[in-house]
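These values consider heavy atoms only, across backbone and side chains, with no hydrogens, waters or symmetry-generated copies. Start at 1 and go down the list; that is how both ligands and their atoms are numbered.
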Amino acid sequence: MIRIELKRLPHGDGLPLPAYASDGAAGMDVVAAEALTLAPGARAAVATGFAIAIPHGHEVQVRPRSGLALKHGVTCLNTPGTIDSDYRGEVKVILANLGDEPFEIARGDRIAQLVPAAVLRASLAEVETLDDTVRGAGGFGSTGR
Ligand SMILES: O=c1ccn([C@H]2C[C@H](O)[C@@H](COP(=O)(O)OP(=O)(O)OP(=O)(O)O)O2)c(=O)[nH]1
Ligand SMILES: [Mg+2]
């Protein structure tokens, strides 16, 4: 459990805060703070009505809901979206409609889920040669189907 501070923005008034839908849920469902219609092929940054302060060393991932993806072709375009620990702006959900029908979102609809995660940072060491491996440069299906 980490503690994430959340500030409700004026247009988030009256909305449910992100919440776990079941005891074992990995993600907190987040609702739209605005109504909109996503035409087929369209994308939008959907308001959530809140900003957060994530403890240093952590991030929050914005992930799609599988039901919206399977039933309507609606997903987070940049999945998993990254909320940086130093970001203080409004959390937005970048939704894309990959389906064939317009998708209507009402204010208060659950549109995505938030998953906090620990972040490992790295320092890069530039070298002239990398160690040999059996795989070498093979990738992108090199081991077969
Ligand atoms: O789904 C998302 C993804 C990002 N953000 C916000 C929080 C994040 O900290 C910031 C920057 O995101 P990212 O680093 O993915 O985007 P960028 O294109 O690299 O923008 P920047 O140059 O501001 O880092 O935008 C969201 O609200 N929702
Ligand atoms: Mg960035």
Under a 4.5 Å cut-off applied to non-hydrogen side-chain atoms, are P80 and R63 in contact?
yes
Is any side-chain heavy atom of F50 less than 4.5 Å from a side-chain heavy atom of V30?
yes
So, for [atom], does the protein have a heavy atom nearer than 4.0 Å?
atom: atom 16 (O) of ligand 1; answer: no
atom: atom 5 (N) of ligand 1; answer: yes
atom: atom 9 (O) of ligand 1; answer: yes

Shortest protein contact, [atom] (heavy atom only):
atom: atom 25 (O) of ligand 1; result: Y87 CE1, 4.1 Å
atom: atom 26 (C) of ligand 1; result: I83 CD1, 3.3 Å
atom: atom 1 (O) of ligand 1; result: N78 ND2, 3.0 Å
atom: atom 24 (O) of ligand 1; result: D84 OD2, 4.7 Å
atom: atom 27 (O) of ligand 1; result: K92 N, 3.0 Å

With a heavy-atom distance limit of 4.0 Å, tell me whether V93 approaches ligand 1 through its side chain, its backbone, both, or neither.
neither
Count I, L, V, M, F, W, Y as connected when their side-chain heavy atoms are under 4.5 Å apart, and connections chain through other members. Are L15 and L6 then in the same cluster?
no
Which of the ligand 1 atoms, numbered from 1, are nearer than 4.0 Å to a heavy atom of [X]:
X: V91; result: 27 (O)
X: G81; result: 1 (O)
X: E90; result: 27 (O)
X: T82; result: 3 (C), 4 (C), 5 (N), 7 (C), 8 (C), 9 (O), 12 (O)

Check the pair N97 / R43 against side-chain contact (heavy atoms from CB on, under 4.5 Å), numbers first and verdict last.
CA-CA 6 Å; N97 181 359; R43 60 181 182 267; over 6 Å; no
Please lay out, stage by stage, how H58 and S85 fare under the test side-chain contact (heavy atoms from CB on, under 4.5 Å).
CA-CA 6 Å; H58 297 80; S85 65; 5.8 Å; no
As a quick check of understanding, evaluate salt bridge (charged side-chain N to carboxylate O under 4.0 Å, His left out) for E5 and K7, giving each step before the final call.
CA-CA 7 Å; E5 296 188 343; K7 180 184 175 189; over 6 Å; no
Is the backbone N or O of R110 less than 3.5 Å from a side-chain atom of R65, with the two atoms forming a donor-acceptor pair by type?
yes
What closest approach, in Å, do P40 and G99 show between heavy atoms, and which atom pair accounts for it?
CB-O, 3.5 Å
Step-by-step side-chain contact (heavy atoms from CB on, under 4.5 Å) determination, V31 to I111:
CA-CA 6 Å; V31 305; I111 52 172; 6.0 Å; no
